[in-house]
Every structure is written in structure tokens, then in C-alpha cells.
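Accompanying notes for the structure given below.
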Amino acid sequence: MIFRAAKTINRNANRFHPHHVNNPQSKTASSNLHKRRKVIPFVAELKQLQDPKQALSLFNDYTQRSFKHHYPSYAALLYKLARSRSFHDVETVLDRMQRSNTHCKESLFIALFQHFGKSNLPEKATELFHRMNKFNCSRTLQSFNAILNVLVDCDRFEEAHDVFLRSRDMGFRPNTVSFNVMIKGLLGKGEFGKACNVFDEMLQRKVQPSVVTYNSLIGFLCRKGDLDNAMALLEDMNKKKKYANAVTYAHLMEGLCYMEKFDEAKKLLFDMAYRGCKPRLVNFSVLMNDLGRRGRIEEAKSVLHEMKKRRIKPDVVVYNILINYLCKEGRAAEAYKMLVEMQIGGCEPNAVTYRIMVGGLCKVGDYELGLSILNAMLISGHCLRRETFSCLVVGLLSSGNVDGACFVLEEMKKRSVELDMESWETIVKCACGEDKGVSELITELASLSI
DNA sequence: GCCTCTTCTC
């Protein structure tokens, strides 16, 4: 049954957007064909694989055929496994790489820290950081800062602080970036005063604050609506010849929007150019977001046209803002048109786009299109959240598409995503209310043993 | 091929 469902959905996915589904594959195929002779056979073959589970066995196949794996092999495999969050396999491969004494780059470790961090596994990242000297690899301040940042982003400020204090023992001297991360951590906890103390400490220790340092502080003040102090910091920056960049202005514009001063924010967009700072995407998206928030979607769309007129190519975030507010207003069909439009314009949707779109379609009851979007999302290798799956499962069942619902459940099972209690309740109620395929469904659920 | 900090979307 599931197989049948999967086939139907695949067909739908191709209809959804052939350009999107087929292109990445054909592109890699042709480029690999082009450089096949130069590329390491294992890496070339690895890139063709859809399923990350096959990656490790391919690696083993090559090992058995007495193929000697070098750094490019390990790196490509680790990236692939980390991207699909197969962290158990990541560990296995790391062990082998360590034993083989392969000379490896620090960037690989930094990328892995970030993958661990994104999956909220900071302890895995710290463990690897401490283990780095066992690899044939140099560990610099950059790794140190990367680990600090992962800890702060995972809400482990105290641990980050401990690591920061032990920097000297580890042979590192904190630089601007290290301090910026600590300031970000404090601001994240609402500790503006302590963040200012760290700022002063930087000056004492002769570590120069950068635009980023100022942006963090200005951003905090703007979110609080304290524009006066934010402007004072802007003055201070200028005095120290640290010039405001597009992000600085984006914060100020956001602060103005927050204070219901949209026109002033818009004026600042024009003023910043006079002050020698070219407006960037983020400045436009701040305006679009505020317009969308107030339900003025047509005006938000006109900002998009303004950007195009200025030859600034909208990115995925800009489209996400529009798609999000269209969905919120129950205009999922228009949101879908926007999604197609962005792809035609050469902008690939990301995980957020898909989540918003599936949610918006569920809201208006178009579960069939929601399902094909979900499938496109799976094919493009994006991770999704429980809520996205849940609303679709419940919706498909309530509209009588048992095959579709089972397909989604199967995909959840593959990814070890569990349905929430509330959704289960709805499903059971739905199943008991009608007789349509109930026994079939129960069998399916039992076999999945979620 | 993914390489440290600020930024708008869920």
C-alpha cells in the first residue's frame, strides 16, 4: 500500500515542478561526466547517491576492493552523513579517519561542529574539539571560536564561558570574534550590562571591537525600542572609524518599525546610501516584513518590485516573508504561485519555505498539494519538523486519503520523527468516526510500531 | 565543496 502511495506521490512531485526535481540530478550527472577522469571514483559515485544510508556501505565496498581512502574521500563522506544527520555513522567514519592518520583540514571539523550544533548536540561538538589533537590536523583559534559559538547558540552560555576562561591553558588568545561570541551570549540572556562590561574588557585587553561587536549591541537596543542609545552607539562607532554596514542600518530600521515609525525606517533606507552604505537585501526585507505583519501585502510586493528595479536579486528569505504572510492570510494559492515564481527566477526554496508552504496549504485544506510539496522537500534532502508532518497526516486522513497519510507516516518513521499526542488523538477519532479503511490503517500503524 | 562573530523568514 505504501509503495503504491509513494509512486502516486512521486508523479505528483514531478508535476509540482519538473525544473526543481529533475535539474539538480541531471546537472551533477553531466558535470561528473565531464570531469570523471579527474575525480576520485569513490567521491564521484558517492555524489550520485540519494540515500545517505548507502554512503557508508559504498565506502566499505571500496575499502574491500583495497581502495585507499584519502582526505577527499573522508571529507565528502562526512559532509554527506552530517548533512543528513546520520551522526552515528559520522562517529564511525571519524574513528577510521583517526586510525588512518589521514592529514585533514580544520575546516572539516568546524563544519562538523556546526552540524552538531544545528542538531542541538553541543556535547558531541565539544567532544570532537577536545579530540582534534588525536587527528593529523592543526587546531587554531578558529576552531576555538567555532566551538564557543556552538555552545552559545545551543544556549550553553556557562559552558562557553568556562571554555573562554580556559583559553590561555589551551594556548589561545581570544580575539575580536571570541569576544563577539561572548557578547552575543550575554545579550541572548538579556544581560546588557554584563555585555557592556565585556566590551570594556576588550578595550582593556587591547582587542579592537569591530562593526559586528557594535551591531550586536545596537541590535539588542533596537529590539528593546531604545533607539536613543542605539543612535549613541552609532555615533561612537563613527568616532572610532568603525563604519556602519547594512546590518547596522537593518537593526535601526527594525527598531523604527518596532516603534511604529515605518516611514522613518523607509527614509533611513534612502539615507544610508547617502552615508556611504549601499542598501542590501536585509534592509528591504525588514520593510517587507513590517508591511506583511500589518497585512499590507500588496505594498510588500511593491517593495519586491522596487528591489528588482534596483537590480537587487531577491533571495529565499525575501520570498519566504511574502509566502509566509500570504499563507497567514489564507491565500495559499497565491503563495504557491510565488513559490513557482521564485524557482523560475532561479531561487531555490529552503526548509523554511517548505514548512511555511505545507502549513499554509494545510490551513486551507489543500492536503494533496501539501503532500507533493512535502515530497519535493524530501527529495531535495531537507529536514522537516514534527508539526509539518503532523498537520499533513491529520489533514490527509480527514480528507480520506489513507494512502497519502500512510506514506507520510512511513517517511516519519524512517527519520525517527514521532507524531505528537494531539495528532494521534485526532487520527483515532477520525478513524473511529468513519469506517473508510480503518482496519487497513490499524494494521499499518501496528506494523510501523511508532 | 561546506572554514569562527552581527542580519530578515518558520
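So you know, we letter chains A, B, ... as the sequences are listed, proteins then strands, and number each from 1. Nothing here was measured: the structure is a model prediction, and the numbers come from that model.
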#### Entry: Residues that A:Ser100 engages under side chain to side chain contact (heavy atoms under 4.5 Å, CB included), provided they are two or more places apart
A:Tyr74, A:Thr102
### Query
Rounded to the Å, how far apart are A:Arg280 CZ and B:dT6 P?
14 Å
### Task
For the side chain of A:Val212, starting at C-beta, report the closest nucleotide among B:dC5, B:dC8, B:dC10.
B:dC5
### Task
Quick one: list whatever passes side chain to side chain contact (heavy atoms under 4.5 Å, CB included) with A:Asp315, sequence neighbours left out.
A:Leu281, A:Val317, A:Val318
### Query
What residues form a side chain to side chain contact (heavy atoms under 4.5 Å, CB included) with A:Glu235, not counting sequence neighbours?
none
### Query
Below 4.0 angstrom from OP1 or OP2 of B:dT6, is there any side-chain N or O of A:Lys184?
yes
### Query
How long is the line joining CG of A:Leu252 and P of B:dC8, in whole Å?
13 Å
### Short side-chain N/O contact from A:Asn289 to OP1 or OP2 of B:dT9, under 4.0 Å
yes
Could you pull out every donor-acceptor pair under 3.5 Å between side chains of residues 126-133 of chain A and any protein atom, sequence neighbours left out?
| from | atom 1 | to | atom 2 | distance (Å) |
| --- | --- | --- | --- | --- |
| A:Thr126 | OG1 | A:Pro122 | O | 2.7 |
| A:Thr126 | OG1 | A:Glu123 | O | 3.4 |
| A:His130 | ND1 | A:Thr126 | O | 3.1 |
| A:Arg131 | NE | A:Gln98 | OE1 | 3.0 |
| A:Arg131 | NH2 | A:Asp95 | OD1 | 2.9 |
| A:Arg131 | NH2 | A:Gln98 | OE1 | 2.9 |

### Message
I want to verify a distance call: between B:dG1, B:dT6, B:dC10, whose nearest atom is closest to the A:Arg355 side chain?
### Response
B:dC10
### Qualifying residue, where the test is side-chain hydrogen bond (donor to acceptor under 3.5 Å, both in side chains) with A:Tyr214 and the options are A:Asp236, A:Thr248, A:Asn180, A:Asn245
A:Asp236
Distance-only check: which donor-acceptor pairs under 3.5 Å involve side-chain atoms of residues 265-273 of chain A, not counting sequence neighbours?
| from | atom 1 | to | atom 2 | distance (Å) |
| --- | --- | --- | --- | --- |
| A:Lys267 | NZ | A:Asp271 | OD2 | 3.0 |

Pull out every protein N or O sitting under 3.5 Å from an N or O of nucleotides 2-4 of chain B, one pair per line with the distance.
| from | atom 1 | to | atom 2 | distance (Å) |
| --- | --- | --- | --- | --- |
| B:dT4 | O2 | A:Asn145 | ND2 | 2.4 |

